[in-house]
Amino acid sequence: MTTVLFAGGGSAGHVNPLLATAHTYLQRHPDDEVICLGVASGLETQLVPAAGFELVTIPKVPLPRRPNWAAVQFPRKFAAAISQVRELIRTRNIDLVVGFGGYVSTPAYLAALREHIPVAIHEQNARPGYANRLGARRAELVALTFASTPLQAKRGRTVVTGLPLAGPILDLACRRRAGDQAWARTQAATALGLNPTLTTIVITGGSLGAQSLNRTLVELADDFQAHNAQVLHLTGQGKDAQVRAELERRGTYPHYHVRDYLPDMHLAYAAADMVVCRAGAGTVAELSAVGLPALYVPLPIGNGEQAKNAADVIAAKGGKLLDDDQLTAARVRHALTEWITDAEIRETTAQRAASVGSVQGARTLVDELEKIRP
């Protein structure tokens, strides 16, 4: 029996591909043991047990950005986290560590190397994080979501697997690629109170929403209505009141549907003809796997990570990019009009998006893990 430690956490972006890979791994190797490693403050404390996997947590030890008391304490706390993972490796006879990034992965990689067991890394973002950059120096496998990601294994192999997907979104992507999207669209539209015969635009800024998207897209309500297009606007939790008030001020829009949050995003994707959204790695990978044209408006903070996430699908002409500081109703109108009015252009764009996406991410990653699995 092989025991595998899957390390990653802090956000759904790290945890979801971890769980997709762990499920696929156990389907092939039901007699093996899977243990997940996370931090006690991360979303993994909810998602991992709910998925039926054992979760072990270690303290979150972020790398200090400036000289302060946390910087003084960091060496001791970081060494303690590494020691805790080394003890886990010894006591549970772990044979392989698979990391997905985040705070928990750095001590996991270092502990594995000191215990002389193989390390595999999956990097979901186009701009790799610190943990995976460090781990790639000694990893036997580096797997990438995006071909353009500048991360290479120094000693092992580097492969492009795509993002490991599972559950309803994977099912939807497979259905759409098989030409079976009509059934899913009808079912999803019914569940969401939409009309499956209308061209449908989904607007989403993620669970927390995006004020710039909310503010700008609602200005196009008249345009959407003039084209007899229907809208599902997911404003973000607690941000729907302002959008509803603005719509009421503007007029009556029977086909403009507002929700603050939708936990079952596969329903929105199944009903959609196009999406306006941010460009998080998970969002880009899901939309390209499903094969949906998207207008990506990257989050305007950081070092341009989100724009890089969308680079491959934009290069394939499977979507369009609009910087947040250039976001106006006129520019959005210009970007979306041909998709709304021309089904042939919309379908061609969808096919180009799908050409970049992958529905085999979890299977391909497990294929690669089997090559280094003891």
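Residue numbers count from 1 along this sequence. We use all heavy atoms of the structure for the numbers below, so side chains are in, but hydrogens, waters and symmetry mates are not.
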Quiz item: Residues in ring-ring contact (aromatic ring centres under 6.0 Å, His included) with His255, at least two apart?
Solution: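 By the ring-ring contact (aromatic ring centres under 6.0 Å, His included) rule, His255 matches no residue at all.
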Is a donor on one side and an acceptor on the other found under 3.5 Å between the side chain of [X] and the backbone of [Y]?
X: Arg346; Y: Trp339; answer: yes
X: Thr149; Y: Asn125; answer: yes
X: Arg333; Y: Leu220; answer: no
X: Asp264; Y: Leu267; answer: no
X: Gln306; Y: Ala279; answer: yes

What are the two closest non-hydrogen atoms of [X] and [Y], and how far apart are they?
X: Leu18; Y: Cys36; value: CD2-SG, 3.7 Å
X: Leu96; Y: Pro374; value: CB-CD, 4.5 Å
X: Leu192; Y: Leu262; value: CD2-CD1, 3.9 Å
X: Asn309; Y: Ala281; value: ND2-N, 3.2 Å
X: Leu163; Y: Gly282; value: CD2-CA, 4.0 Å

Please round to the nearest 0.5 Å and tell me the distance separating atom [atom1] of [X] and atom [atom2] of [Y].
X: Thr252; Y: Leu247; atom1: OG1; atom2: CG; answer: 10.0 Å
X: Leu55; Y: Gln46; atom1: CG; atom2: CD; answer: 11.5 Å
X: Asn16; Y: Leu165; atom1: CG; atom2: CG; answer: 9.5 Å
X: Glu246; Y: Glu219; atom1: CD; atom2: CD; answer: 7.5 Å

Are Leu322 and Ile201 connected, step by step, through hydrophobic side chains (Ile, Leu, Val, Met, Phe, Trp, Tyr) whose heavy atoms are closer than 4.5 Å? yes
*Among the clusters formed by ILVMFWY side chains lying less than 4.5 Å apart, do Val275 and Val290 turn up in the same one?*
yes
message = Between Arg373 and Glu370, does the salt bridge (charged side-chain N to carboxylate O under 4.0 Å, His left out) criterion hold? Intermediate values first, please.
response = CA-CA 5 Å; Arg373 170 178 173 266; Glu370 289 175 336; over 6 Å; no
For a salt bridge (charged side-chain N to carboxylate O under 4.0 Å, His left out) check, start with the C-alpha distance between Asp273 and Arg185, then their side-chain angles and the critical distance, and finish with the verdict. CA-CA 10 Å; Asp273 291 290; Arg185 179 186 179 94; 3.0 Å; yes
Distance-only side-chain donor-acceptor flag, [X] / [Y], under 3.5 Å:
X: Asn214; Y: Thr235; result: no
X: Glu44; Y: His14; result: no
X: Tyr109; Y: Asn132; result: yes

Sidechain N-carboxylate O distance under 4.0 Å for Asp367, Arg28 =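 Between Arg28 and Asp367 there is a salt bridge, with a charged N closer than 4.0 Å to a carboxylate O.
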- [ ] Could you tell me whether Glu305 and Lys308 make a salt bridge, using a distance below 4.0 angstrom between a side-chain N and a carboxylate O?
- [x] no
By side-chain hydrogen bond (donor to acceptor under 3.5 Å, both in side chains), Asn93 pairs with (sequence neighbours left out) none
Item to check | Geometric class of the His233/Tyr256 ring pair [parallel <30°, tilted 30-60°, perpendicular >60°] | outcome: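 Correct class here is tilted.
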Would you say NZ of Lys317 has more than 12 non-hydrogen atoms from neighbouring residues, nucleotides or ligands within 6.0 angstrom? no
Note to self: Counting only heavy atoms from other residues, nucleotides and ligands, does the tally under 6.0 Å from CZ of Arg127 exceed 12?
What the structure shows: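 Yes, enclosed.
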- Step-by-step side chain to side chain contact (heavy atoms under 4.5 Å, CB included) determination, Arg176 to Tyr269: CA-CA 11 Å; Arg176 286 178 63 93; Tyr269 294 163; over 6 Å; no
